[in-house]
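We count residues from 1, following the sequence as given. Every number for a ligand or one of its atoms is a count from 1 in the order of the listing.
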Amino acid sequence: MKRHFFALFLAIAASFPSLALADQPGITVEQPWSRASIGDSRPGAAYLVVQNTGTEIRVLTGVETDMAMMPQIHRTTTDANGVSQMAPAGEIEILAGESLTLAPGGLHIMLMRLNQPLVEGESYALTLVFKNGHNVDISVPILGVAARGPEN
Ligand SMILES: [Cu+2]
């Protein structure tokens with residue numbers, strides 16, 4: 001099992017007013033998924049692919065969900081010794097026509113301080129917060145505790 005250091009740069013949790021525009025033109029979200037959690041004492045995670053199908057750059061600044069007190073986008077890096085650590089990713093630019101993949105071992109949405117366990121078979125609402133104020137609401141299905149990708 002890999003050592004996993006939490007680099008906790010606790011950014012002041014700014015609360016973003018969400019415009020909650022569903023089906024925001026120019027952004028498509030594919031294959032969202034979470035792994036079921038064992039209880040609620042450890043953070044959960046969510047993964048997905050965000051595609052910018054529009055003609056302008058979009059900047060992802062964060063996420064919101066009722067599932068966790070402190071949802072954050074993290075970036076995992078692994079050094080030459082195989083030691084992984086993660087830190088808040090900050091603002092992420094998605095160029096027009098490009099896609100952004102959040103997957104285990106890389107960028108991910110970390111659901112810190114879960115309000116409730118992630119139960120297999122259920123799903124929950126999550127909002128992707130964009131700098132231009134046009135946020136995107138999605139539903140994230142919860143897969144089994146051993147899931148490694150959106151298919152299983
Ligand atoms: Cu993380």
Side-chain angles (χ1 to χ4, degrees), residues 1-18 20 24 27-52 57-95 98-152:
M1 184 158 158
K2 243 181 236 172
R3 291 160 74 199
H4 206 157
F5 291 121
F6 287 73
L8 278 184
F9 305 144
L10 292 183
I12 305 300
S15 61
F16 300 95
S18 16
Q24 172 64 27
I27 291 290
T28 311
V29 178
E30 288 166 0
Q31 301 186 320
W33 66 284
S34 271
R35 201 174 281 132
S37 67
I38 299 166
D40 58 9
S41 59
R42 306 259 313 150
Y47 310 103
L48 44 80
V49 178
V50 187
Q51 204 159 7
N52 182 357
I57 190 170
R58 296 291 294 269
V59 180
L60 182 62
T61 61
V63 290
E64 294 176 348
T65 176
D66 289 339
M67 289 301 289
M69 297 269 289
M70 214 167 64
Q72 293 184 333
I73 300 175
H74 282 176
R75 188 185 303 276
T76 301
T77 53
T78 305
D79 69 17
N81 299 318
V83 179
S84 293
Q85 68 186 115
M86 60 183 173
E91 296 186 345
I92 303 169
E93 295 184 341
I94 311 173
L95 300 177
E98 300 280 308
S99 64
L100 176 74
T101 300
L102 284 73
L107 282 168
H108 56 280
I109 294 166
M110 182 119 285
L111 305 173
M112 301 174 74
R113 300 175 65 192
L114 285 176
N115 287 321
Q116 57 194 93
L118 296 162
V119 178
E120 182 175 1
E122 295 185 353
S123 61
Y124 62 93
L126 184 116
T127 301
L128 301 175
V129 180
F130 287 91
K131 199 167 194 170
N132 69 357
H134 292 170
N135 299 338
V136 177
D137 296 327
I138 61 165
S139 174
V140 182
I142 302 168
L143 308 182
V145 290
R148 290 166 177 275
E151 309 302 331
N152 52 14

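- Side chain of Ser34 to backbone of Ala45: a donor-acceptor contact under 3.5 angstrom is found.
- Under a 3.5 Å cut-off, the side chain of Arg58 and the backbone N or O of His134 do form a donor-acceptor pair.
- Minimum-distance N/O/S atom of His74 relative to the Cu ion (ligand 1): ND1.
- If you put the vertex on the Cu ion (ligand 1), NE2 of His108 and SD of Met86 sit 100° apart, to the nearest 10°.
- Atom CD of Glu93 sits in a sparse spot, with 12 or fewer heavy atoms from other residues, nucleotides or ligands closer than 6.0 Å.
- Scanning for side chain to side chain donor-acceptor pair (under 3.5 Å) contacts around Glu122 gives an empty result, with sequence neighbours left out.
- Residue contacts to the Cu ion (ligand 1): Met110 brings an N, O or S atom closer than 2.8 Å.
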